Amino acid sequence: MLNFTVGPVQADEVVREIGAQQVPYFRTPEFSAVMLENERLMLQFAKAGEDARVAFMTGSGTASMEAAVINLLDERDKAIIVNGGSFGQRFVEICDIHKINNTQIKLEAGKKLTKEMLAPFENKGYTAFIVNVHETSTGVHYDMDLISDFCHRNGIFLIVDAISSFLADEFKMAEWGVDVMITGSQKALACPPGVSVIVLSGKAVSRLSSYNSGCLYLDLKSALKNGERGQTPFTPAVGTLLQINARLKAIEKAGGAKAETAKIAALAQDFREKIKDLPFEIVSESLSNAVTPLHPKNVGAYSIFTVLKDEYGIWVCPNGGALVDEIFRVGHIGALTFEDNDTLISALKDMQKRGLL
Ligand SMILES: *Cc1c(COP(=O)(O)O)cnc(C)c1O
């Protein structure tokens, strides 16, 4: 299987070898040391400020999206949510369920966020801004400088889901004044699913004390308190956290987040060059390095996913809902190489010869 989806993605050999080992008991100084190192490297790669902290949650990315909302917002807040696709919509649903007053900025598929769209929200008493910096469903990467300026000017608390963007695109948490950054184990961290990570600025850590999460499992005060000694309140996905540790250390050794991002950017660039002659249209106005969203000009998008999977053993990422036959996505995260890109391009060219593209 050759996997070009956006998660779970291909893991390298080191990560897979850890997956084959027995899972150790975790209330030990050894595991605490691993967790403290995970926190240090996450802070470094997110370019977080001095007083920032990290919570490792057992649960997929959505658990951390919900944790961020319930721990840091309540009925006193008025949130703006950028809703450009299914992940923006998920934040709307989370806020609605937890009765957080919210207004959406709804974007058409593939459209970027502009200054003009933010203008009506200036000085209107909004207290929180929630955005998926890379709306993975449509492959649109929003302008963080624009969002950061807006939030700074209006004194707004900024929550950023960078789940599919972290390590694929540069993230400057402290410089942008981001208060909460979320990522997950199965995207560019290229580990199995099951762990999500929340990086909190010093301001977000202080804010926790004036909010009540109303939830035992996703309580961030208790996650951070336990995290001070490298522990978690409950049994975490121990094996996945060990894999994350190996991955973070390997990235550090190879030059840090900058080098990892450059590698993903080069793979994306290579793929985008090589599809120039194929009957596809790139549908995003602003691309992340993580994904290329493609609209096939001649055939339905879902059939490409099916044929590649069943006849070539290659997985790309189908879209759901209204876009099922409009868009499919090719991911550039995980253990992929330029040769893998060539394999996918050859398969697509073969499909074209067979009249399937
Ligand atoms: C993958 C992803 C998530 C998390 O989804 P889970 O299935 O809960 O891991 C959230 N937001 C974005 C932007 C994503 O790409």
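Bear in mind the structure is a predicted one, so any value in this text is a computation, not a measurement. Whatever order the structure lists them in is the order used to number ligands and atoms, beginning at 1.
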Can you list, by chain and residue number, the hydrophobic cluster partners of Ile327 when the side-chain cut-off is 4.5 Å?
Val283, Leu323
Minimal heavy-atom distance between Val178 and Ser201, with the atoms involved, is O-CB, 3.7 Å
Distance to the ring centre below 6.0 angstrom and angle to the axis at most 45 degrees; does that hold for Lys309 and Phe328?
no
For side-chain contact (heavy atoms from CB on, under 4.5 Å), just list the numbers for Ser164 and Val6, CA-CA rounded to whole Å, side-chain angles, deciding distance to a tenth of an Å, and then say yes or no.
CA-CA 8 Å; Ser164 63; Val6 292; 5.8 Å; no
Do Val131 and Ile147 touch side chain to side chain, with heavy atoms closer than 4.5 Å?
yes
Residue contacts for ligand 1, heavy atom to ligand atom, distance under 4.0 Å:
Ser60, Gly61, Thr62, Met65, Phe87, Arg90, His134, Thr136, Asp161, Ile163, Ser164, Gln186, Lys187
With a 4.0 Å cut-off on N to O distance, would you call Asp12 and Lys263 a salt bridge?
no
